[in-house]
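Below is one structure, written out as structure tokens; comments come after it.
In the text below, chain A, chain B and the rest are named by the order of the sequence lines, each starting its count at 1.
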Protein chains: 2
Amino acid sequence: MSTINDVSRLAGVSKATVSRVLSGSRGVKEASRVAVLKAVEELNYRPNVIAQSLLSQSTGCIGVICAQENINQTTGYLFALEKHLSQHQKHLLLRFANNKAEVMHALEELTCGLCDDVLIIGARFPLNLTHENVVLVDCMDADTTNCIQFDHAFAAETACNYLIKQGRRQIALIVPDTSGAVDRVLLGYKRALENNFLPFNRNLIFMDSTSSSVALQVLLNNSTTLNFNALLVADEQEAQRVITQLQAFNKSVPEDIMVFSLAGSLHLPGVTTIPAIEYSMDAMAARIVSWLNEKTKSVLGSYVLRGDLIIPDIRSRK
Amino acid sequence: MSTINDVSRLAGVSKATVSRVLSGSRGVKEASRVAVLKAVEELNYRPNVIAQSLLSQSTGCIGVICAQENINQTTGYLFALEKHLSQHQKHLLLRFANNKAEVMHALEELTCGLCDDVLIIGARFPLNLTHENVVLVDCMDADTTNCIQFDHAFAAETACNYLIKQGRRQIALIVPDTSGAVDRVLLGYKRALENNFLPFNRNLIFMDSTSSSVALQVLLNNSTTLNFNALLVADEQEAQRVITQLQAFNKSVPEDIMVFSLAGSLHLPGVTTIPAIEYSMDAMAARIVSWLNEKTKSVLGSYVLRGDLIIPDIRSRK
DNA sequence: CTGTTAGCGCGTTCAC
DNA sequence: GTGAACGCGCTAACAG
């Protein structure tokens, strides 16, 4: 790789002039400007970004630590983030981590000058870090600044309102405690019931960290008395799991029981599409990148992103 | 962030001594060694990797350009690659690209000193690049050096042998031309037929770039004369698509027609599991990273990775 | 054992 | 208009 010295030598000018031509480019005699550009072309010279980084004290690299369990959702995040980051001449440095220790380790390795900022995505464990230049996305620590959360209360309320409008008044709720948003979900759930003048039945709610299949089993065992006809679950993976379990119990979906996912639904061929709340990864990525570009990062605060109600198109089931 | 100067000042030694203590650490008086370490601790100093990179002319960053269409498969690659790269103190710089222009653009941005090497994954379009330090993984350009390919002939042959052993002697093949490996697939297909003394029926083969659903339609329309009872498709996404189409035609899978995917199968709840050839992402990633670590990269050559036959466990369908 | 010096490649003064 | 000089943070070579 040729350096600025090679170019300046070939063009017969100084390094400073070369630099001027390539950035700014004003206040340079046309003759030497042309000479520089010709030399650049000939040597296929491109400035070394590392040397530039050393000077500017910023690399344009954004670390992204994925602590997401749901690997499907991860891809959505990455796709949207990469798109927006590269549009702003930034680079995405990818890391996976499954627990706090791994997150901290990754953070250590990324914040030695390599990354300007770091995003932590989908951590379902507490990591009370005071680190600067770290943005938490869909993580447990909601009280922290610099974080983006999903509006789980709104999601649950919207979901219930939809289900109720569909004539489903007995809505079961299975949301494991690990999601870190059970209280918000329950809030939205209750709010929807209140607004529709429906009674709250404690027996329809499962928010322990016990397995969802056990919870569903309990529900099904008491199905004659409970008589539930809708089921709210945390995400699309959970949804597919319970659908399989329901069908094994001769319950048809959505006729007998309408399953609703509070975070995205699978759009794969051969997979039952269900109503769901979906979050715009694009909007989220745009928001994050605009944050990153603002210099006054101390005023980031927190941001709550609302999802959209997505209803499966009947016609698409040929 | 504190620099080496701060440490040297606080420890009362020179920068060089600080550097010696942190790397190598031999030939340093114990007293000053302790002083340096204490200062490092106090200032929470960590060497700036960018400055180190400028000197060593290597950043430890590996660019990964995903040109994969199948987004599901991409996650598998990334997961395995990140694991092996981080184990070798390397960083994964992620990029997505959908066509040659985008790949070249990403390549430009990554090879300005930022990345030591670049991986291009799953490009289904020709990109005859002579670039150094670029490794092609599952790409079209098979003749190039520095590339890893999947053994498609072996996959097809293994698939057919399995199907024949299952009593399926009329094996249809739908592999779009875009996969860039149709000739290899056909080779394996024919080889298996020959070895099992079965006739080759041209009418069962669809390798045009026309849509697979059209191809399947043709097959189904002639199903009385063709009487095929197995179907080989390119990947799991194709597989799910054709399964849906087959079921719409009242063909049951796998009873009437056994569908086989030549590249991975979905292991999602609620999704029909099918027999498939699967490639060990872990083995591939390990191979790539070991290549990257070898200094004599000029002898990389090409490598062909064989997949494993994965048969759905009957017991898993509760 | 340790401090000084040079230089990685670049951008930015500051004189000329 | 332009070139010499300095410094970004660090390490390697050379003196002492």
Could you go through the side chain to side chain contact (heavy atoms under 4.5 Å, CB included) check for B:I120 and B:L129 one step at a time? CA-CA 11 Å; B:I120 302 178; B:L129 33 85; 4.1 Å; yes

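Dashed line: the shortest gap from a side-chain N or O of B:S14 to OP1 or OP2 of C:dT2 is not under 4.0 Å.
What separates CD of B:E30 from C1' of C:dT2 is a distance of 15 Å, to the nearest Å. Counting to the nearest Å, the P atom of C:dT4 and the CZ atom of B:R9 are 13 Å from each other.
The backbone N or O of A:V13 lies less than 3.5 Å from no partner atom in the side chain of A:T17, so there is not a single donor-acceptor pair.
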Nucleic acid footprint by protein, nucleotides 8-16 of chain D - heavy-atom cut-off 4.0 Å, B for base, S for sugar-phosphate alone: BBBSBB---

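The pair B:R33-B:E30 meets the salt-bridge criterion, with a side-chain N (NZ, NE, NH1 or NH2) lying under 4.0 Å from an Asp/Glu carboxylate O.
Evaluation of the ring pair (Phe, Tyr, Trp, His ring centres under 6.0 Å) test over residues 51-84 of chain A, restricted to residues two or more places apart or in two chains, returns A:F79-B:F96.
Annotation: cation-pi geometry not satisfied between A:R306 and A:F150 (NZ/CZ under 6.0 angstrom from ring centroid, within 45° of ring axis).
Under the 3.5 Å distance criterion, with hydrogens and angles disregarded, a donor-acceptor pair is assigned to the side chains of A:T75 and B:T75.
One distance of note links CG of B:L94 with CZ of A:R95; it measures 14.0 Å at 0.5 Å rounding.
Direction change of the helix axis from one end of the helix from C:dC1-D:dG16 to C:dC16-D:dG1 to the other is 50°, with five pairs defining each end axis (rounded to 10°).
Within 4.0 Å of A:S32, counting heavy atoms only, lie sugar-phosphate atoms of the nucleic acid but no base atom.
Across every non-hydrogen atom of B:T59 and B:S53, the tightest pair is CA-OG, 3.5 Å.
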